[in-house]
There are 2 protein chains.
Amino acid sequence: MGVNLKDIARRAGVSLATVSNVVNGYRPVGERTRQRVQQAIDELGYSPNLGARHLRRGRTGLIALAIPELTNPYFAELAEIAIAEAAGLGYTLVMENTAADREAELALLDGSRRHIIDGLILSPVRIGREEVLARAATSPLVLIGEGVYDVPHDHIAIDNVAAGHAAIQHLVAIGRRRIAFAGATSGGDRQSAQLRVRGYREALAAAGLPYRPQLVARTDAFGRLDGYQAIQALLALGDPPDAVFGYNDLVAIGALRALAEAGHRVPEDVAVIGIDDIEEGRFSTPTLTTIAPDKREIARLAVRRLVARIEGAEVIGPLSVQTPFRLIRRESTGAPRG
Amino acid sequence: MGVNLKDIARRAGVSLATVSNVVNGYRPVGERTRQRVQQAIDELGYSPNLGARHLRRGRTGLIALAIPELTNPYFAELAEIAIAEAAGLGYTLVMENTAADREAELALLDGSRRHIIDGLILSPVRIGREEVLARAATSPLVLIGEGVYDVPHDHIAIDNVAAGHAAIQHLVAIGRRRIAFAGATSGGDRQSAQLRVRGYREALAAAGLPYRPQLVARTDAFGRLDGYQAIQALLALGDPPDAVFGYNDLVAIGALRALAEAGHRVPEDVAVIGIDDIEEGRFSTPTLTTIAPDKREIARLAVRRLVARIEGAEVIGPLSVQTPFRLIRRESTGAPRG
DNA sequence: CGTTGCCTCTATAACGTTATAGAGCCGTCT
DNA sequence: AGACGGCTCTATAACGTTATAGAGGCAACG
């Protein structure tokens, strides 16, 4: 179909190999020949067939970023940074949407797409240590976010327990005593929810506050609707909390909505805090206090580690890296407007 | 590296071609041989090398969806549907982020990635008719959303003028007279903004309302911050509007925030409407009235058309399709809470 | 009994690229 | 003058797959 190396070679009157060397700069080519070849390339509008190149080289230049949901702004923001970072390193990042589906995650780990991809960054939700260990594919794998620990792969995440601590400490510092958690899970998966609950419980204990199971609301997923329903259910029990810690910003935003509908003022009656620092929380009414992970750092680190492994570079430092986070106080916990 | 056809062939004691036929079902294979081959495949864990298959077949099974920003929920929601639709048709959808960058859009039209992709769905922002016509690549192209019209490619979009009409009619119907538009553009690009402004102007005229240029706020982009700044600037002029029509929901949400900070009540003092029906608007305070395009229809149609072209099927119907939309009234134009 | 045709399977040539081995040429050193 | 080395360039064999042409066996037919 398109123009290929042979066409260029014929046009420039040189061999295939010479054209390849001009394109890739692998071997030196004389200045005169180089120019002739370059001219032929420009005239015919040649661009290399990446499939064929891959077949020969064993690498595609493609890396995948697999996330549980594209419509979660946290992942969209992460992805945008990762795409830029990958491009800077000469790789193309393709997005995979696992839709928080176990089969989809397993398929990615070992699936038929493995041939077309040099490496994978995965944010696992439904699979755990065993599944990762059982993986047969040999291309590099970097895990981000939700917890799969103690596996022989790079892993980038924030310290979820510490993040939970920080959130509760802040709520306690502004005088809250009945603090609810929205977004716990029942199953054994979704490690990070459990870690955040652990942070919540530890911080309550450290502050001398009782742990009240009825203030911990479980959800099936971590979207706005989940937070909304969780808080609605919590309020229906009577005896409302004076603060809500959401599993993430989306859950917290759903909580904001449920509180507003029920006539509770935020932050006067109930303070709300989330995790992720998605842009939406900077424009909501009220604006949302949040634990902000360093998304740039997570995305860059994940991409760089992956590329380093792909290229066989010696990677220094531990496999598992915890990236920093900070608390951003906004209106939902009493920061002044504007 | 991995297991290949040859390994399977050796193990099953048949030829390469037979294995290929078992895998692809292209030619009939005897039952006994099929089973032997299948067993070998299962035992060795074979999956075909897509790169090599592509090289031979001329198709990759990959289609690209290129959008201006991953972090715009409208596109994220669209992408999620498109991914599912493509998967159902046996294609893998890879996302490309043009970041609303002209060079990125041009690169996609004709770029080096063209070899690796069977077709492209593009939401153009910075390029127009000429650039699309000048495209040299021959793989199918489907355009969505922002307007590039009169080109020999499929094009799926809503009727932006009619959408503008509908929004203004609604605001007029609830008694608003000083209606602002947030998100106009200065350049010649960004067609759809201009079409929406046209709908705005026509509907004003039809309602017998004057067109006041000072109520049309230009923005550089179409995010929350743009809407926020546009409305801040508008309010600074004094003489505030009694309604705001945002170019999209993100701009409208930025407007909501600016109005709240300035102490204007929504919808009592100022009504707000957007376009896109992103989930965020169902949970904002107040919830956001919006013109809801049929995202499912847009995404499915785009993918189906593209796949049909790739597979050389006869495509019935006109090149350019306008998908339906509907008005969803929420609190920001006076719908009751809950 | 030879021919025909079907059914299964095989050998092999592509697809477009890169890596390897080596060929040819020219100048320089002994 | 002959040998050597360095510099360009070329011929060619892969990479793993699929499509094409055809080989071999067996049953049915004349």
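Proteins get letters first, then strands, A, B, ... in listed order; numbering begins at 1 in each. Keep in mind that the numbers below use all heavy atoms, side chains included, and drop hydrogens, waters and symmetry copies.
- Interface residues of residues 16-23 of chain A facing DNA chain D, ordered by number: A/A17, A/T18; criterion, heavy-atom separation under 4.0 Å.
- One finds a side-chain N or O of B/N4 lying less than 4.0 angstrom from the OP1 or OP2 phosphate oxygen of D/dG16.
- Counting heavy atoms of neighbouring residues, nucleotides and ligands inside a 6.0 Å radius, atom CZ of B/R296 does not exceed 12 of them.
- Using a 4.0 Å cut-off, some side-chain N or O of B/N24 falls inside it from OP1 or OP2 of D/dT18.
- Between the P atom of D/dT18 and the CG atom of B/L55 lies a distance of 11 Å, rounded to the nearest Å.
- Rounded to a whole Å, the CD1 atom of B/I116 is 13 Å from the C1' atom of C/dT17.
- The nearest heavy atom of DNA chain C to B/A52 and to B/P28 marks one nucleotide each, and the one closer to the 5' end goes with B/P28.
- Taking the side chain as every heavy atom from C-beta outward, A/V14 and A/V37 approach each other to under 4.5 Å.
- Contact check, B/Y46 against D/dT17: a side-chain N or O comes under 4.0 Å of OP1 or OP2.
- Taking atom OH of B/Y26 as the reference point, atom P of C/dT10 lies 18 Å away to the nearest angstrom.
- The nearest whole Å value for the distance from the CG atom in A/L50 to the C1' atom in C/dG16 is 11 Å.
- Formation of a donor-acceptor pair under 3.5 Å by the A/R126 side chain with backbone atoms of A/A100 is found in this model.
- Side-chain atoms of B/T323 and B/E297 include no donor-acceptor pair closer than 3.5 Å.
- For the pair A/R57 CZ and C/dT18 C1', the interatomic distance rounds to 8 Å; values are reported in whole Å.
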